[in-house]
Amino acid sequence: MQILNEGLHPQRTVLPETALSDDPLLRLQQETQLGDGNIGLRATTHPEEIVITGIPVMCPQCGARRDWMVICDRNEISIRCRCAYQWVERELTRSDYEAMIDVGGQDYPNLEAAAQAAGYDGTLAGTYLA
């Protein structure tokens, strides 16, 4: 018995185009780029207390409870005190950082430049700026 398959071509499945937010790989690539893609570090100041899971953040070095520099290095969020003590805060996400920035934060070429420009390099240790 001979089977004829003239004109029978397997139908190609056409997948719908996905939006950027639907593609996890494209979304991850977008999230890990800040600014124009050349600068990975963004920082903002946060003069108020930061409360995480109901607990106010306190500097382990000097005991400060407000006036922070919040640093977003791609998807890693760090908190820096005026005394220059800095730690990665695993409970904060990039979305949390973006909620803290007023007008986009500021891009810096490196952490030292960011800390010096904002006064978080230790020179203003022990002070709260209003």
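These values consider heavy atoms only, across backbone and side chains, with no hydrogens, waters or symmetry-generated copies.
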Between Tyr97 and Leu92 (side chain of the first, backbone of the second, donor and acceptor by atom type, cut-off under 3.5 Å), is there such a pair? no
Do you know which two heavy atoms are closest between Trp87 and Cys59, and how far apart they sit? CH2-CA, 4.0 Å
From Cys81 SG over to Arg65 CZ, what is the distance, rounded to the nearest 0.5 angstrom? 12.0 Å
Rounded to the nearest 0.5 Å, how far does CZ of Arg82 lie from CG of Asp67? 4.0 Å
For residues 109-117, which side-chain N or O atoms pair as donor and acceptor with protein atoms under 3.5 Å away, sequence neighbours left out?
unit_1, atom_1, unit_2, atom_2, d
Asn110, OD1, Glu112, N, 3.2
Asn110, OD1, Ala113, N, 2.7

Within the structure provided, determine whether Tyr85 and Cys62 are in side-chain contact (heavy-atom separation under 4.5 Å). no
Hphob cluster co-occupancy, Ile52 + Val70, side-chain heavy atoms under 4.5 angstrom: yes
Rounded to the nearest 0.5 Å, what's the gap from CD1 on Ile50 to CZ on Arg66? Could you check? 12.5 Å
Roughly how far, to the nearest 0.5 Å, is CD1 of Ile79 from CD of Glu89? 4.5 Å
Out of curiosity, Glu76 CD to Arg90 CZ, how far, rounded to the nearest 0.5 Å? 5.5 Å
Give the minimum heavy-atom separation between Ala118 and Thr45, together with the two atoms involved. CB-CG2, 4.2 Å
Distance col, row Glu91:CD vs Ile55:CD1, nearest 0.5 angstrom, shows 9.0 Å
